[in-house]
> 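Let me give you the structure first, and then I'll get to my questions.
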Amino acid sequence: MSSSPFKFSCDNKRYYTLNYYNRRNYSKKIYKAVIDLGLTCPNIDGSKGRGGCIFCDGGSGYFTHGELDIVSQLKCEADRIAAKYGKNAEFIAYFQANTNTYAPVEFLRSSYYTALQFPNVFGISIGTRADCLSDEVISLLAELNSQTHLTVELGMQSSKEQTISLINRCCTHEEFKSGYYALKKAGIRTCLHIINGLPYESYEDMLETAHEASILNPDAVKLQMLHVIQNTKLADMYSQNQFRLLEREEYIDVIVKQLELLAPETVVERITGDGDKRKLIAPLWSADKIAVLGGIDKKLAELNTWQGRLYSNK
(Lines give C-alpha, C1' and ligand atoms only; values in the text may rest on other atoms or scores of the structure.)
Protein backbone atom coordinates (compact mmCIF):
# COMPACT_ATOMS: atom_id res chain seq x y z
CA MET A 1 0.00 0.00 0.00
CA SER A 2 1.39 3.36 -0.98
CA SER A 3 2.39 5.95 1.58
CA SER A 4 -0.48 8.20 2.64
CA PRO A 5 -0.45 11.83 1.45
CA PHE A 6 -2.95 12.70 4.21
CA LYS A 7 -1.34 14.92 6.84
CA PHE A 8 -3.56 13.97 9.81
CA SER A 9 -2.20 10.45 10.13
CA CYS A 10 0.43 8.53 12.06
CA ASP A 11 -0.24 5.04 10.71
CA ASN A 12 -0.63 5.43 6.93
CA LYS A 13 -4.39 5.94 7.19
CA ARG A 14 -5.96 8.30 4.68
CA TYR A 15 -8.57 9.64 7.07
CA TYR A 16 -8.46 11.33 10.47
CA THR A 17 -8.84 8.53 13.02
CA LEU A 18 -9.82 8.90 16.67
CA ASN A 19 -6.57 7.17 17.58
CA TYR A 20 -4.61 9.92 15.82
CA TYR A 21 -6.74 12.62 17.47
CA ASN A 22 -6.08 11.23 20.97
CA ARG A 23 -2.37 10.74 20.39
CA ARG A 24 -2.00 14.19 18.81
CA ASN A 25 -3.92 16.01 21.57
CA TYR A 26 -3.22 13.87 24.64
CA SER A 27 -0.16 11.78 23.66
CA LYS A 28 -1.95 8.55 24.62
CA LYS A 29 -4.78 6.23 23.75
CA ILE A 30 -8.12 6.83 25.43
CA TYR A 31 -10.73 4.09 25.82
CA LYS A 32 -14.51 4.14 26.32
CA ALA A 33 -16.60 2.90 29.23
CA VAL A 34 -20.26 2.61 28.23
CA ILE A 35 -23.10 3.66 30.56
CA ASP A 36 -26.86 3.13 30.44
CA LEU A 37 -28.79 5.74 32.45
CA GLY A 38 -32.08 3.89 31.97
CA LEU A 39 -33.59 6.77 30.01
CA THR A 40 -35.99 6.69 27.07
CA CYS A 41 -36.58 8.81 23.94
CA PRO A 42 -39.32 11.24 22.89
CA ASN A 43 -40.20 9.03 19.93
CA ILE A 44 -40.64 6.06 22.28
CA ASP A 45 -42.56 7.50 25.22
CA GLY A 46 -45.19 9.25 23.09
CA SER A 47 -44.13 12.86 23.54
CA LYS A 48 -43.24 12.91 19.82
CA GLY A 49 -43.89 9.37 18.65
CA ARG A 50 -44.08 5.69 19.50
CA GLY A 51 -41.92 2.71 18.69
CA GLY A 52 -38.60 4.50 18.32
CA CYS A 53 -36.54 4.57 15.15
CA ILE A 54 -37.25 1.55 12.96
CA PHE A 55 -33.72 0.18 13.46
CA CYS A 56 -33.58 0.76 17.23
CA ASP A 57 -33.06 -2.19 19.56
CA GLY A 58 -32.95 -0.88 23.10
CA GLY A 59 -31.23 2.42 22.33
CA SER A 60 -27.91 1.03 21.03
CA GLY A 61 -26.94 0.02 24.54
CA TYR A 62 -26.40 -3.72 24.27
CA PHE A 63 -22.80 -3.35 25.53
CA THR A 64 -24.00 -1.78 28.77
CA HIS A 65 -24.90 -2.99 32.27
CA GLY A 66 -28.13 -1.03 32.61
CA GLU A 67 -29.36 -3.00 35.61
CA LEU A 68 -26.57 -1.45 37.74
CA ASP A 69 -26.07 2.06 39.11
CA ILE A 70 -23.54 4.38 37.44
CA VAL A 71 -20.65 3.63 39.79
CA SER A 72 -21.18 -0.13 39.47
CA GLN A 73 -21.38 0.14 35.67
CA LEU A 74 -18.13 2.10 35.62
CA LYS A 75 -16.50 -0.44 37.92
CA CYS A 76 -17.40 -3.23 35.48
CA GLU A 77 -16.08 -1.22 32.56
CA ALA A 78 -12.93 -0.16 34.42
CA ASP A 79 -12.16 -3.80 35.22
CA ARG A 80 -12.69 -4.77 31.57
CA ILE A 81 -10.42 -1.99 30.32
CA ALA A 82 -7.74 -2.64 32.96
CA ALA A 83 -7.64 -6.37 32.11
CA LYS A 84 -6.97 -5.56 28.47
CA TYR A 85 -4.93 -2.34 28.60
CA GLY A 86 -3.52 -2.06 32.12
CA LYS A 87 -4.74 -0.56 35.39
CA ASN A 88 -3.60 2.96 34.49
CA ALA A 89 -5.59 3.12 31.26
CA GLU A 90 -7.82 6.20 31.12
CA PHE A 91 -11.26 6.23 29.57
CA ILE A 92 -14.24 8.28 28.49
CA ALA A 93 -17.49 7.74 30.39
CA TYR A 94 -19.80 7.18 27.42
CA PHE A 95 -23.50 7.75 28.09
CA GLN A 96 -24.64 5.65 25.14
CA ALA A 97 -28.09 4.10 25.43
CA ASN A 98 -31.14 6.06 24.27
CA THR A 99 -31.34 9.86 24.76
CA ASN A 100 -28.98 10.97 27.50
CA THR A 101 -30.19 14.57 27.90
CA TYR A 102 -33.86 13.54 28.07
CA ALA A 103 -34.34 13.89 31.83
CA PRO A 104 -34.57 16.61 34.51
CA VAL A 105 -31.44 18.74 34.53
CA GLU A 106 -30.59 17.99 38.16
CA PHE A 107 -30.71 14.25 37.48
CA LEU A 108 -28.41 14.77 34.51
CA ARG A 109 -26.05 16.93 36.55
CA SER A 110 -25.80 14.30 39.28
CA SER A 111 -25.25 11.53 36.74
CA TYR A 112 -22.56 13.32 34.75
CA TYR A 113 -20.63 14.45 37.82
CA THR A 114 -20.85 11.01 39.42
CA ALA A 115 -19.12 9.62 36.34
CA LEU A 116 -16.60 12.44 36.21
CA GLN A 117 -15.47 11.71 39.78
CA PHE A 118 -14.77 8.04 39.08
CA PRO A 119 -11.06 7.07 38.97
CA ASN A 120 -9.36 7.15 35.56
CA VAL A 121 -12.27 8.93 33.86
CA PHE A 122 -10.63 11.24 31.34
CA GLY A 123 -13.77 12.83 29.95
CA ILE A 124 -17.43 12.34 29.06
CA SER A 125 -19.28 11.54 25.85
CA ILE A 126 -23.05 11.96 25.71
CA GLY A 127 -25.28 10.44 23.03
CA THR A 128 -28.50 12.36 22.51
CA ARG A 129 -31.02 13.85 20.07
CA ALA A 130 -30.79 17.36 18.70
CA ASP A 131 -34.35 18.10 19.84
CA CYS A 132 -33.50 17.29 23.47
CA LEU A 133 -31.16 20.22 24.05
CA SER A 134 -33.06 22.83 26.02
CA ASP A 135 -31.39 26.05 27.12
CA GLU A 136 -30.97 24.54 30.59
CA VAL A 137 -29.33 21.42 29.16
CA ILE A 138 -27.00 23.49 26.96
CA SER A 139 -26.03 25.52 30.03
CA LEU A 140 -25.24 22.34 31.96
CA LEU A 141 -23.21 20.95 29.07
CA ALA A 142 -21.28 24.22 28.78
CA GLU A 143 -20.51 24.03 32.51
CA LEU A 144 -19.35 20.43 32.11
CA ASN A 145 -17.30 21.40 29.07
CA SER A 146 -15.35 23.91 31.17
CA GLN A 147 -14.28 21.13 33.53
CA THR A 148 -13.55 18.09 31.39
CA HIS A 149 -13.12 16.74 27.87
CA LEU A 150 -16.70 16.64 26.61
CA THR A 151 -18.20 15.34 23.37
CA VAL A 152 -21.89 15.35 22.52
CA GLU A 153 -22.98 12.84 19.88
CA LEU A 154 -26.03 13.54 17.70
CA GLY A 155 -27.88 11.14 15.41
CA MET A 156 -27.96 12.81 12.01
CA GLN A 157 -28.50 9.53 10.11
CA SER A 158 -29.55 11.29 6.89
CA SER A 159 -30.18 14.78 5.59
CA LYS A 160 -33.13 13.60 3.50
CA GLU A 161 -36.51 14.46 5.08
CA GLN A 162 -38.24 11.54 3.37
CA THR A 163 -35.78 9.14 4.99
CA ILE A 164 -36.02 10.86 8.37
CA SER A 165 -39.80 10.41 8.28
CA LEU A 166 -39.50 6.79 7.14
CA ILE A 167 -37.19 5.80 9.98
CA ASN A 168 -39.57 7.41 12.50
CA ARG A 169 -36.96 9.72 13.99
CA CYS A 170 -39.62 12.33 14.81
CA CYS A 171 -37.08 15.14 14.51
CA THR A 172 -36.78 17.04 11.24
CA HIS A 173 -33.47 17.99 9.69
CA GLU A 174 -34.16 21.64 10.53
CA GLU A 175 -34.71 20.69 14.18
CA PHE A 176 -31.50 18.69 14.03
CA LYS A 177 -29.56 21.69 12.73
CA SER A 178 -31.04 23.95 15.42
CA GLY A 179 -29.77 21.67 18.19
CA TYR A 180 -26.42 21.21 16.47
CA TYR A 181 -25.86 24.97 16.16
CA ALA A 182 -26.78 25.47 19.83
CA LEU A 183 -23.99 23.07 20.79
CA LYS A 184 -21.51 24.74 18.47
CA LYS A 185 -22.43 28.20 19.81
CA ALA A 186 -21.64 26.90 23.29
CA GLY A 187 -18.23 25.67 22.09
CA ILE A 188 -19.02 22.00 22.71
CA ARG A 189 -17.21 19.33 20.71
CA THR A 190 -19.87 17.59 18.62
CA CYS A 191 -19.89 14.29 16.74
CA LEU A 192 -22.53 13.43 14.11
CA HIS A 193 -23.74 9.89 13.36
CA ILE A 194 -24.44 9.00 9.71
CA ILE A 195 -26.02 5.70 8.64
CA ASN A 196 -25.47 4.36 5.14
CA GLY A 197 -27.86 1.96 3.43
CA LEU A 198 -31.10 3.34 4.89
CA PRO A 199 -34.19 2.07 3.03
CA TYR A 200 -34.70 3.50 -0.46
CA GLU A 201 -31.70 5.84 -0.27
CA SER A 202 -29.65 6.11 -3.43
CA TYR A 203 -25.89 6.43 -3.73
CA GLU A 204 -26.45 10.14 -4.42
CA ASP A 205 -28.58 10.51 -1.26
CA MET A 206 -25.80 9.12 0.90
CA LEU A 207 -23.25 11.43 -0.67
CA GLU A 208 -25.60 14.37 -0.18
CA THR A 209 -25.76 13.58 3.54
CA ALA A 210 -21.96 13.59 3.69
CA HIS A 211 -21.89 16.89 1.81
CA GLU A 212 -24.39 18.37 4.27
CA ALA A 213 -22.15 17.18 7.11
CA SER A 214 -19.20 18.88 5.41
CA ILE A 215 -21.16 22.15 5.36
CA LEU A 216 -22.05 21.78 9.06
CA ASN A 217 -18.33 21.06 9.68
CA PRO A 218 -18.64 19.04 12.93
CA ASP A 219 -15.66 18.20 15.11
CA ALA A 220 -16.21 14.51 14.42
CA VAL A 221 -18.40 12.00 12.60
CA LYS A 222 -19.29 8.35 12.97
CA LEU A 223 -20.03 6.52 9.73
CA GLN A 224 -21.65 3.11 9.72
CA MET A 225 -23.73 0.62 7.78
CA LEU A 226 -27.38 0.05 8.60
CA HIS A 227 -27.85 -3.09 10.70
CA VAL A 228 -31.01 -5.17 10.63
CA ILE A 229 -31.53 -6.41 14.19
CA GLN A 230 -34.09 -8.95 15.38
CA ASN A 231 -37.40 -7.70 16.77
CA THR A 232 -37.30 -4.29 15.10
CA LYS A 233 -39.61 -2.66 12.57
CA LEU A 234 -36.69 -2.70 10.16
CA ALA A 235 -36.45 -6.49 10.53
CA ASP A 236 -40.11 -6.80 9.50
CA MET A 237 -39.50 -4.62 6.43
CA TYR A 238 -36.42 -6.64 5.51
CA SER A 239 -38.21 -10.00 5.87
CA GLN A 240 -40.84 -8.70 3.43
CA ASN A 241 -38.13 -7.70 0.90
CA GLN A 242 -39.19 -4.06 1.05
CA PHE A 243 -35.61 -2.83 0.52
CA ARG A 244 -32.13 -4.11 -0.23
CA LEU A 245 -28.97 -3.63 1.79
CA LEU A 246 -25.63 -2.53 0.44
CA GLU A 247 -23.07 -5.20 -0.36
CA ARG A 248 -19.66 -4.81 1.26
CA GLU A 249 -17.99 -3.39 -1.85
CA GLU A 250 -20.86 -0.94 -2.32
CA TYR A 251 -20.47 0.22 1.28
CA ILE A 252 -16.72 0.65 0.81
CA ASP A 253 -17.30 2.73 -2.32
CA VAL A 254 -19.78 4.98 -0.49
CA ILE A 255 -17.42 5.47 2.46
CA VAL A 256 -14.52 6.42 0.20
CA LYS A 257 -16.64 9.04 -1.59
CA GLN A 258 -18.02 10.37 1.71
CA LEU A 259 -14.51 10.72 3.11
CA GLU A 260 -13.49 12.76 0.09
CA LEU A 261 -16.31 15.21 0.85
CA LEU A 262 -15.64 15.65 4.58
CA ALA A 263 -13.33 18.35 5.89
CA PRO A 264 -9.83 16.94 6.48
CA GLU A 265 -9.90 18.25 10.08
CA THR A 266 -13.07 16.30 10.95
CA VAL A 267 -12.24 13.30 13.13
CA VAL A 268 -13.72 10.04 11.84
CA GLU A 269 -14.48 8.31 15.13
CA ARG A 270 -16.08 5.31 13.44
CA ILE A 271 -16.00 4.10 9.87
CA THR A 272 -17.93 0.86 10.37
CA GLY A 273 -20.22 -0.24 13.17
CA ASP A 274 -21.03 -3.05 15.57
CA GLY A 275 -24.41 -4.75 15.42
CA ASP A 276 -25.26 -7.15 18.24
CA LYS A 277 -23.99 -10.41 16.72
CA ARG A 278 -26.50 -12.37 18.78
CA LYS A 279 -29.35 -10.54 17.04
CA LEU A 280 -27.83 -9.42 13.73
CA ILE A 281 -29.92 -10.50 10.74
CA ALA A 282 -28.06 -8.61 8.03
CA PRO A 283 -25.68 -7.65 6.54
CA LEU A 284 -23.58 -10.49 7.91
CA TRP A 285 -20.49 -9.12 6.16
CA SER A 286 -20.56 -6.17 8.59
CA ALA A 287 -19.48 -8.50 11.42
CA ASP A 288 -16.04 -8.86 9.80
CA LYS A 289 -14.76 -5.41 10.70
CA ILE A 290 -11.16 -6.19 9.77
CA ALA A 291 -12.21 -7.00 6.20
CA VAL A 292 -14.30 -3.83 5.95
CA LEU A 293 -11.55 -1.59 7.36
CA GLY A 294 -8.95 -3.23 5.16
CA GLY A 295 -11.18 -2.82 2.13
CA ILE A 296 -11.59 0.90 2.80
CA ASP A 297 -7.84 1.39 3.20
CA LYS A 298 -7.17 -0.59 0.01
CA LYS A 299 -9.71 1.37 -2.04
CA LEU A 300 -8.38 4.72 -0.83
CA ALA A 301 -4.86 3.69 -1.82
CA GLU A 302 -5.92 2.27 -5.19
CA LEU A 303 -7.65 5.53 -6.07
CA ASN A 304 -4.86 7.57 -4.47
CA THR A 305 -7.46 9.62 -2.62
CA TRP A 306 -8.01 10.75 0.98
CA GLN A 307 -10.36 12.50 3.36
CA GLY A 308 -11.13 16.05 2.26
CA ARG A 309 -9.78 15.75 -1.28
CA LEU A 310 -13.09 17.08 -2.63
CA TYR A 311 -14.09 19.09 0.44
CA SER A 312 -16.18 22.22 -0.01
CA ASN A 313 -18.09 24.06 2.69
CA LYS A 314 -20.66 25.38 0.20
> Of Gln224, Gln157, Gln258, which meets side chain to side chain donor-acceptor pair (under 3.5 Å) against Asn196?
Gln258

> Which pair of heavy atoms, one from Tyr238 and one from Ala282, lies closest together, and at what distance?
OH-CB, 3.6 Å

> Treating Ser214 as the side-chain partner and Ala263 as the backbone partner, does any N or O pair qualify as donor plus acceptor under 3.5 Å?
no

> For Cys191, is there any backbone N or O sitting under 3.5 Å from a side-chain donor or acceptor partner on Asp219?
no

> Might you point out which heavy atoms bring Thr209 and Ser159 nearest each other, and give the distance in Å?
OG1-N, 3.0 Å

> Do Ile54 and Thr232 have side chains that approach each other closer than 4.5 Å (heavy atoms only, starting at C-beta)?
no

> So if you build clusters from Ile, Leu, Val, Met, Phe, Trp, Tyr with side-chain heavy-atom gaps below 4.5 Å, do Leu154 and Ile92 land together?
no

> If hydrophobic clusters are built from ILVMFWY residues whose side chains come within less than 4.5 Å, do Leu262 and Met206 share one?
yes

> Are there more than 12 heavy atoms of other residues, nucleotides or ligands under 6.0 Å from atom CD of Glu265?
yes

> I'd like to know whether Leu226 forms a side-chain contact (heavy atoms from CB on, under 4.5 Å) with Phe243, so could you lay out the CA-CA distance, the side-chain angles of the two residues, the decisive distance to 0.1 Å, and finally the verdict.
CA-CA 12 Å; Leu226 177 69; Phe243 67 98; 4.2 Å; yes

> Would the distance check show the side chain of Ser146 and the main-chain N or O of Glu143 forming a donor-acceptor pair, the cut-off being under 3.5 Å?
yes

> Decide yes or no on side-chain contact (heavy atoms from CB on, under 4.5 Å) for Lys279 and Asn231, but give the supporting numbers first.
CA-CA 9 Å; Lys279 300 181 181 180; Asn231 303 317; 5.6 Å; no

> Is a side-chain donor or acceptor of Tyr200 paired with a backbone partner of Gln242 at a separation under 3.5 angstrom?
yes

> For Tyr31 and Glu77, does a side-chain donor sit closer than 3.5 Å to a side-chain acceptor?
no

> Look at the side chain of Ser110 and the backbone N and O of Phe107, then say whether any donor-acceptor pair between them is shorter than 3.5 Å.
no

> Check the hydrophobic clustering (I, L, V, M, F, W, Y; side-chain heavy atoms under 4.5 Å; chains of links allowed) and say if Val121 and Leu18 are grouped together.
no

> Can you measure from CG (Leu74) to CZ (Phe118) and round to the nearest 0.5 angstrom?
5.0 Å

> Distance-only, no hydrogens or angles: does the Asn120 side chain make a donor-acceptor pair with backbone N or O of Lys87 under 3.5 Å?
yes

> May I ask you to decide if Thr163's main-chain N or O and Arg169's side chain share a donor-acceptor pair within less than 3.5 Å?
no

> Counting C-beta onward and ignoring hydrogens, is there a side-chain heavy-atom pair between Thr114 and Asp69 closer than 4.5 Å?
no

> Is the number of heavy atoms from other residues, nucleotides or ligands within 6.0 Å of NZ (Lys32) greater than 12?
yes

> Side chains of Leu166 and Leu198: closer than 4.5 Å at any heavy-atom pair?
no

> Can you tell me how far apart OH (Tyr180) and CG (Leu216) are? Round to the nearest 0.5 Å.
5.5 Å

> So do the side chains of Phe95 and Ile126 get within less than 4.5 Å of each other, counting heavy atoms only?
yes

> For Gly197 versus Leu245, what's the shortest heavy-atom pair and its separation?
O-CD2, 4.4 Å

> Atom CG of Leu234 and atom CG of Asn168: how far apart are they, to the nearest 0.5 Å?
12.0 Å

> Please round to the nearest 0.5 Å and tell me the distance separating atom NZ of Lys28 and atom CZ of Arg23.
11.5 Å

> Has Asn98 got a side-chain atom pairing as donor or acceptor with Leu39's backbone, closer than 3.5 angstrom?
yes

> Cluster question for you: counting only ILVMFWY and a side-chain heavy-atom cut-off of under 4.5 Å, with indirect links fine, are Phe91 and Val267 together?
no

> With no hydrogens and no angle check, do the side chains of Tyr94 and Glu153 hold a donor and an acceptor under 3.5 Å apart?
yes

> So do Arg309 and Phe6 actually touch side chain to side chain, heavy atoms under 4.5 Å?
no

> Verify, without hydrogens or angle tests, whether Thr101 (side chain) and Cys132 (backbone) share a donor-acceptor contact under 3.5 angstrom.
yes

> Tell me, which pairs form a ring-ring contact (aromatic ring centres under 6.0 Å, His included) where one or both residues lie in residues 273-308, sequence neighbours left out?
Tyr251-Trp285

> Quick check: closest heavy atoms across Phe55 and Ile167, and the distance to 0.1 Å?
CE2-CD1, 4.0 Å

> Testing Thr128, Thr40, Asp45 one by one against Tyr102 for a side chain to side chain donor-acceptor pair (under 3.5 Å), which residue passes?
Asp45

> List the steps, then state whether side-chain contact (heavy atoms from CB on, under 4.5 Å) holds for Val221 with Met156.
CA-CA 10 Å; Val221 296; Met156 180 179 181; over 6 Å; no

> Run the side-chain contact (heavy atoms from CB on, under 4.5 Å) test on Glu161 and Thr172 for me, step by step, so that the C-alpha distance in whole Å, both residues' side-chain angles and the decisive distance to 0.1 Å come before the verdict.
CA-CA 7 Å; Glu161 289 293 357; Thr172 68; 3.7 Å; yes

> Rounded to the nearest 0.5 Å, how far does CD1 of Ile35 lie from OH of Tyr112?
10.5 Å

> Give the cluster check for Met225 versus Ile229: same hydrophobic cluster or not, with ILVMFWY residues linked at side-chain heavy-atom distances below 4.5 Å.
no

> Let's go through Glu269 and Tyr21 carefully: what are the C-alpha distance in whole Å and the side-chain angles of both, what is the deciding distance for side-chain hydrogen bond (donor to acceptor under 3.5 Å, both in side chains) to 0.1 Å, and is it a yes or a no?
CA-CA 9 Å; Glu269 294 200 2; Tyr21 174 83; over 6 Å; no

> Looking only at heavy atoms, which two atoms of Ala103 and Leu108 are closest? And how far apart?
O-CD1, 3.5 Å

> Taking Thr305's backbone N and O only, do any of them form a donor-acceptor pair with Arg14's side chain (distance below 3.5 Å, no angle check)?
yes

> Is a salt bridge present between Asp131 and Arg129, judged by a nitrogen-to-oxygen distance below 4.0 Å?
yes

> Is the closest side-chain donor-acceptor distance between Ser202 and Asp205 under 3.5 Å?
yes

> Students often mix this up, so state it plainly: with edges at 30° and 60°, are the rings of Phe176 and His173 parallel, tilted or perpendicular?
parallel

> Would you call Asp253-Lys257 a salt bridge at under 4.0 Å N-O?
no

> For the residue pair Ile296 and Thr272, establish whether any side-chain heavy-atom pair is separated by less than 4.5 Å.
no

> I want to check something: taking the side chain as every heavy atom from C-beta on, are Ser158 and Lys160 in contact at a cut-off of under 4.5 Å?
yes

> Kindly compute the distance separating CG (Asn22) from CD (Glu90), expressed to the nearest 0.5 Å.
10.5 Å

